[in-house]
Amino acid sequence: MAKQLHIFVENRPGRLEVITENLQKAGIDIKAFAIQDRTDYGLMKLIVDKPQEAYLSLADLGCACALKDVLAVSVPDKPGNLHKLLSALSKSNINIIDAHGFVLQPSQMGICVLEIENYAQSNADEVVAKAGFEVLNDSQLYNL
Amino acid sequence: MEIKFWNKEVETATRDRIKQIQLERLKNIIAAALKTPFYSKRLPAVGIKSPDDVKSLDDLRRIPFTMKDDLRQSYPKGLLAVDTSEVVRIHTSSGTTGIPTVIYLTAKDLDNATDLVARSITCTGADKTDVLQNMMSYGLFTGGLCMHYGAERVGMMVIPAASGNTKRQVQLMKDFKTTVLHVTPSYLLHIHSKLAEFGIARSDLALRKAFIGAEPHSENTRKKLEELYGIDAYNSYGLSEMNGPGIAFECQYKCDLHFWEDSYIVEIINPKTGELVKDGEQGEVVLTNLIRTAMPLMRYRTRDLAYLHTEPCKCGRTHRRMSRILGRSDDMLIINGVNVFPSQIEEVIMKIPEVGTNYLILVEKHGALDRLVVKVELYPKMFLGEAKQIEALKSKIGDDLKASITIKPAIELHEQGSLPISEGKAVRVVDTREKL
């Protein structure tokens with residue numbers, strides 16, 4: 001299952017830099033990132049090539065971080081495709097806690113990274129596949 | 001100015017007469033104290049086995065100080081001198097380690113305490129024609145109920161509004177033509193900032209006076225209140241261990257607080273050495289309650305810092321005046337009138353596994369009111385990667401602290417290593433409020 005690295009960061013200058021500096025030293029390649037703003041703190045969410053190594057290097061530093069299971073879906077970059085994906089999930093009553101997306105050049109392939117409520121107990125993978133989308137496995141995601 | 005008295009004979013008694021009353025009452029208190037588990041050990045150890053062993057007021061100094069910790073360790077009945085069937089009221093204050101302190105009053109004790117509050121009110125020039133709106137908390141805290149009783153004895157119309165609900169407070173003031181407020185200075189400032197919002201003009205109110213207390217404040221704050229409202233504001237002093245309000249109060253001249261010395265013996269000591277300081281020097285206020293027999297308390301260290309005036313007052317009262325409270329000899333914080341010890345906060349947050357060992361307590365002004373911020377570190381190993389967890393943790397810390405210290409602080413979560421470390425003499429408390 002694909003993993004995303006979640007890191008608790010205080011909302012003040014220099015805190016993100018400490019994380020990227022450390023990941024650079026550990027030779028980690030960041031594929032995508034998002035930051036969820038919570039006013040006085042934020043959650044940094046990273047897709048990286050080696051999540052376990054990234055996690056251990058940040059934990060050694062004393063960072064509060066965790067690996068979370070995510071649903072990574074390949075979505076062709078065409079109008080209406082995100083809507084189609086979200087409709088399929090909502091019809092199955094699957095709740096998305098948080099999400100971020102990006103488009104890969106030059107393949108024109110969009111990637112949606114979704115945090116699903118009660119993901120392990122849900123049939124989100126099936127629902128997405130049935131709707132005609134490709135679910136990326138972990139190595140596909142890490143080697144984009 | 002017409003000077004009003006509640007009990008002119010006592011209030012203007014000669015110093016010798018006051019000392020004579022003190023000695024008589026001290027003997028009564030010694031007799032009561034010898035009936036308590038606590039003092040029945042402590043007094044004979046210094047050669048006081050009966051009231052007759054006290055020949056002069058100087059003998060008081062043979063008695064060791066009583067500390068707040070003694071009260072906690074004697075909780076609940078170690079300082080009780082009478083059968084509980086004689087007790088008509090208790091009050092408690094929160095303790096630093098979860099154990100509260102308690103005071104007991106017999107009907108006579110309550111009568112004495114009430115009389116002193118009535119004396120205090122009258123001393124400011126207020127009388128039965130006034131309407132008092134009492135904005136202090138009712139319940140276990142002494143500030144609400146004890147002022148209420150005293151004001152009723154004066155014959156005032158009392159509005160037991162208690163604290164909070166600013167809109168209703170202002171409505172009550174307007175509808176019932178409140179003339180006197182009993183309130184913390186920070187709350188009174190806060191109310192002023194809300195008047196326009198409620199569509200109420202100063203001219204809609206009949207306010208004349210305010211009794212301000214329960215938190216230290218500067219002369220500038222008093223002046224500001226007086227100018228904003230066009231009232232006279234009188235400083236008051238009390239603490240629950242001594243019966244609450246009515247220990248010292250300002251008179252119509254507003255030149256610091258008359259200590260009711262027929263009822264309390266005041267000593268000012270050097271908090272480090274325990275020795276009496278010279279007249280007029282600042283030190284810690286030490287009090288002996290002469291009017292409470294259910295729970296005698298002698299040479300109680302209040303931790304409040306102040307000095308005594310030696311020159312007489314224009315009002316004719318012979319009871320010495322005490323300065324405003326200039327600080328504390330311990331680390332107690334007073335936040336919107338509520339006493340909080342940093343150790344209480346530490347005790348609560350250290351029980352929560354998701355919280356690291358470092359923390360910082362910040363006290364600041366937020367508008368007119370005090371704001372308490374507790375900053376803690378998130379313990380990295382307990383982090384699950386979800387904002388939901390962080391929000392739930394902040395609520396839990398806030399709720400647990402409210403249960404212990406009665407006020408709900410703002411909670412900030414920080415990364416490990418960003419707050420002062422727990423070893424050594426880390427600064428744990430930052431108080432950015434105006435210094436007195």
Side-chain angles (χ1 to χ4, degrees), chain A residues 1-19 21-22 33-48 51-52 54-70 95-100 113-120, chain B residues 345 349-350 352-366 371-401 408-423 426-428 430 432:
Chain A
M1 205 173 275
K3 304 276 185 195
Q4 180 169 257
L5 184 58
H6 289 196
I7 308 153
F8 172 85
V9 270
E10 277 176 46
N11 198 353
R12 59 185 169 90
R15 297 316 303 158
L16 294 173
E17 189 199 353
V18 170
I19 291 162
E21 184 189 17
N22 187 256
F33 74 94
I35 295 169
Q36 192 186 10
D37 168 43
R38 309 289 306 189
T39 312
D40 55 334
Y41 67 94
L43 289 185
M44 189 182 198
K45 301 181 174 185
L46 298 174
I47 300 293
V48 296
Q52 194 63 33
Y55 168 78
L56 290 174
S57 98
L58 291 176
D60 274 355
L61 203 66
C63 282
C65 51
L67 287 172
K68 299 293 288 181
D69 294 332
V70 286
N95 190 38
I96 300 167
I97 301 166
D98 197 20
H100 58 107
V113 179
L114 307 172
E115 284 175 55
I116 304 290
E117 190 170 343
N118 301 321
Y119 185 32
Chain B
I345 294 175
I349 57 184
M350 288 307 144
I352 301 174
E354 291 89 348
V355 170
T357 48
N358 304 331
Y359 66 92
L360 187 74
I361 297 163
L362 174 67
V363 193
E364 57 187 12
K365 275 287 173 197
H366 183 70
R371 180 169 184 257
L372 173 66
V373 184
V374 176
K375 300 181 178 206
V376 299
E377 289 181 0
L378 176 63
Y379 185 54
K381 290 194 168 62
M382 301 298 286
F383 181 54
L384 302 173
E386 290 170 11
K388 199 166 69 178
Q389 178 200 14
I390 304 291
E391 296 307 315
L393 176 58
K394 285 168 87 171
S395 300
K396 181 182 164 49
I397 298 168
D399 292 345
D400 287 3
L401 282 171
K408 191 162 185 172
I411 306 297
E412 276 181 23
L413 275 180
H414 290 264
E415 292 170 39
Q416 179 172 270
S418 57
L419 296 177
I421 54 163
S422 53
E423 291 87 24
V427 176
R428 295 267 182 219
V430 175
T432 63

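Note that the structure is predicted; figures quoted are calculated from it, not measured. Quick note on labels: first sequence line is chain A, next is B, and so on, each numbered from 1.
Checked by atom type and distance alone, the side chain of A:R38 never pairs as donor or acceptor with a backbone atom of A:L43 at under 3.5 Å. For the pair A:E10 (side chain) and B:E415 (backbone), a donor-acceptor distance under 3.5 Å is present.
Below 4.5 Å, heavy atoms of chain A meet heavy atoms from B:I390, B:E391, B:K394, all part of residues 389-398 of chain B. Taking 4.5 Å as the heavy-atom cut-off, the residues of residues 376-386 of chain B that approach chain A are B:L378, B:P380, B:F383, B:L384, B:G385, B:E386, ordered by number.
With rounding to the nearest 0.5 angstrom, the NZ atom of B:K408 is 10.0 Å from the CG atom of B:D400. Rounding to the nearest 0.5 angstrom, the gap separating the CG atom in B:L413 from the NZ atom in B:K375 is 11.5 Å. To the nearest 0.5 Å, atoms CG (B:L360) and NE2 (B:H414) are separated by 8.0 Å. Note that CG of B:L372 is 8.0 Å distant from CG of B:L362, once rounded to the nearest 0.5 Å.
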**OP:** Apply the test side chain to side chain contact (heavy atoms under 4.5 Å, CB included) to residues A:I116 and A:N95: give CA-CA distance (whole Å), side-chain angles for both, the deciding distance (0.1 Å), then the verdict.
**Re:** CA-CA 6 Å; A:I116 304 290; A:N95 190 38; over 6 Å; no
Subject >> side-chain hydrogen bond (donor to acceptor under 3.5 Å, both in side chains) evaluation trace for A:Q4 with A:H6 >> reply: CA-CA 6 Å; A:Q4 180 169 257; A:H6 289 196; 2.9 Å; yes
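Counting heavy atoms from C-beta outward, A:N11 and A:D40 have side chains that stay 4.5 Å or more apart.
Residue A:F33 places its CZ atom among 12 or fewer non-hydrogen atoms of other residues, nucleotides or ligands, all under 6.0 Å distant.
With a 4.5 angstrom heavy-atom cutoff, A:Q36 touches chain B only via side-chain atoms. Both the backbone and the side chain of A:F8 come within less than 4.5 Å of a heavy atom of chain B.
Highest contact tally toward chain B, considering only A:A66, A:G42, A:C63, A:A59, is held by A:A66 [criterion: heavy-atom pairs under 4.5 Å].
Heavy atoms only, all atoms of each residue included: B:A410 and B:R371 are closest at CB-NH2, 3.7 Å.
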